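Step one of this worksheet: look at the structure below.
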Amino acid sequence: MRKTHYIPITADVPGAANDANCALIRRTIRTALAAEGLTAPCEVDVLLTDDDGIHEINRELRQVDRPTDVLSFPEFELTPGQLPGPEDADPGTGLIPLGDMVLSMERVAAQAREYGHSKRRELSYLVTHSVLHLLGYDHLDEGPMKAQMRAREEAIMALLGLER
């Protein structure tokens, strides 16, 4: 059985999957999983795209006709604090397939400017946000679930040294 997470990163836009971005994405995913108590070896697949690419995926898979910053496609229907176990691992790889995330690198740059922080912080924040979705967190309401997710995001960002 594997002892580490497997995090393949692909890009359909030139330069997006550079060494710095890939290292930050992997570090963020590993930190978020550890912060949530998930130490079993997992797989998270990441696609870096642009606004057109994420718009197309959003339209095809979610019937939402607009671009967004990040999409998360969890493998399991979890609730916050509920974690997949070894029985959920793929027998061939020994990895728990948590799901897929898609990030618009155009939105990363635009939102970094909008919020007045670095692209590095914005990318890490969106990756953290997506990992939490893969683990069952949601923010569709304006109440306790959203507050719980935001608190976890900020705690993980602090662990990464990228707090506000």
Side-chain angles (χ1 to χ4, degrees), residues 5-36 38 42-80 97-164:
H5 303 303
Y6 177 57
I7 307 167
I9 301 170
T10 57
D12 61 12
V13 291
N18 63 47
D19 290 346
N21 284 346
C22 290
L24 177 63
I25 290 166
R26 289 187 175 106
R27 178 174 170 246
T28 300
I29 290 171
R30 289 182 178 116
T31 300
L33 293 176
E36 290 301 302
L38 187 51
C42 298
E43 179 175 352
V44 177
D45 293 271
V46 180
L47 172 63
L48 306 178
T49 190
D50 56 16
D51 282 355
D52 289 341
I54 207 166
H55 184 172
E56 183 178 331
I57 293 166
N58 209 14
R59 184 177 51 244
E60 288 179 12
L61 298 180
R62 297 180 63 235
Q63 292 71 55
V64 177
D65 193 17
R66 62 179 160 72
T68 188
D69 50 9
V70 62
L71 292 170
S72 307
F73 300 101
E75 183 72 23
F76 305 102
E77 289 186 29
L78 302 171
T79 57
L98 288 182
D100 304 323
M101 72 174 65
V102 181
L103 297 132
S104 168
M105 297 307 285
E106 276 186 79
R107 292 286 89 218
V108 167
Q111 290 174 186
R113 283 190 305 274
E114 179 183 343
Y115 299 128
H117 55 241
S118 68
K119 286 189 275 187
R120 179 177 167 77
R121 186 199 188 285
E122 186 64 21
L123 178 58
S124 187
Y125 176 80
L126 292 176
V127 170
T128 297
H129 184 85
S130 185
V131 168
L132 291 175
H133 276 309
L134 296 179
L135 295 177
Y137 286 82
D138 207 346
H139 57 83
L140 294 178
D141 70 1
E142 289 297 323
M145 287 183 72
K146 183 174 182 175
Q148 179 187 32
M149 187 171 182
R150 294 292 180 250
R152 293 307 305 141
E153 288 167 348
E154 291 306 319
I156 293 164
M157 294 300 289
L159 290 172
L160 292 162
L162 294 169
E163 60 269 77
R164 294 181 199 252

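Fair warning: this is a prediction, and the values are worked out from it, not measured in the lab. Hydrogens, waters and symmetry mates are skipped; everything else that's a heavy atom, side chains included, is used.
Taking the side chain as every heavy atom from C-beta outward, Met101 and Val127 approach each other to under 4.5 Å. Inter-residue side-chain proximity for Phe73 and Val102 is flagged as met; some heavy-atom pair is nearer than 4.5 Å. The shortest distance between side-chain heavy atoms of Leu48 and Ile9 falls below 4.5 Å.
Scored by the side-chain hydrogen bond (donor to acceptor under 3.5 Å, both in side chains) test, Asp52 finds no partners at all (sequence neighbours excluded). Annotation: side-chain hydrogen bond (donor to acceptor under 3.5 Å, both in side chains) contacts of Asn58 (sequence neighbours excluded): Arg62. Among residues two or more places apart in sequence or in another chain, the salt bridge (charged side-chain N to carboxylate O under 4.0 Å, His left out) test is passed with Glu153 by Arg150. Legend: residues meeting salt bridge (charged side-chain N to carboxylate O under 4.0 Å, His left out) with Arg26, ordered by chain and number and at least two apart, are absent. In this structure, Ala34 has no side chain to side chain contact (heavy atoms under 4.5 Å, CB included) partners at least two apart in sequence or on a different chain. Legend: residues meeting side-chain hydrogen bond (donor to acceptor under 3.5 Å, both in side chains) with Asn21, ordered by chain and number and at least two apart, are absent. Every residue meeting the ring-ring contact (aromatic ring centres under 6.0 Å, His included) condition with His133, not counting sequence neighbours, appears here in chain and number order: His129, His139. With sequence neighbours left out, the salt bridge (charged side-chain N to carboxylate O under 4.0 Å, His left out) criterion links Asp51 to Arg107. Taking Lys146 as the reference, Glu142 meet the side-chain hydrogen bond (donor to acceptor under 3.5 Å, both in side chains) condition, with sequence neighbours excluded. With sequence neighbours left out, the side chain to side chain contact (heavy atoms under 4.5 Å, CB included) criterion links Arg120 to Leu24, Arg27, Ser118, Leu162. With sequence neighbours excluded, no residue forms a salt bridge (charged side-chain N to carboxylate O under 4.0 Å, His left out) with Asp19.
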- request: Could you walk me through whether Arg121 and Glu163 pass the salt bridge (Lys or Arg N to Asp or Glu O under 4.0 Å) test, one step at a time?
  value: CA-CA 8 Å; Arg121 186 199 188 285; Glu163 60 269 77; over 6 Å; no
query: Hey, mind stepping through Ile57 and Leu71 against side chain to side chain contact (heavy atoms under 4.5 Å, CB included) and telling me if it holds?
result: CA-CA 9 Å; Ile57 293 166; Leu71 292 170; 3.7 Å; yes
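To the nearest 0.5 Å, atoms CE (Met157) and CZ (Arg152) are separated by 13.0 Å. Atom CD of Glu36 sits about 11.5 Å away from atom CG of Leu134, to the nearest 0.5 Å. Note: Asp45 CG to Ile7 CD1 = 10.0 Å, rounded to the nearest 0.5 Å. To the nearest 0.5 Å, the span separating CE on Met149 from CG on Leu135 amounts to 9.5 Å. In this structure, the separation between CG on Leu126 and OG on Ser104 is 9.0 Å, given to the nearest 0.5 Å. How far CG of Leu47 is from CG of Leu103: 8.0 Å, rounded to the nearest 0.5 Å.
When every heavy atom of Gly136 is checked against every heavy atom of Pro80, the shortest pair comes out as O-CD, 3.4 Å. Of all heavy-atom pairs between Pro97 and Phe76, the closest is O-CE1, 3.4 Å.
Ionic pairing of Glu56 and Arg66 is not present here: no N-O contact between side-chain nitrogen and carboxylate oxygen is shorter than 4.0 angstrom.
Thr128 and Thr28 share no donor-acceptor pair across their side chains, judged by distance under 3.5 Å alone. For the residue pair His55/Asp65, the side-chain donor-acceptor check at 3.5 Å is satisfied.
Screening residues 68-77 for salt bridge (Lys or Arg N to Asp or Glu O under 4.0 Å), with sequence neighbours left out, gives no hits.
A donor-acceptor pair is defined here as one N or O able to donate and one able to accept, closer than 3.5 Å; such a pair exists between the side chain of His5 and the backbone of Cys42.
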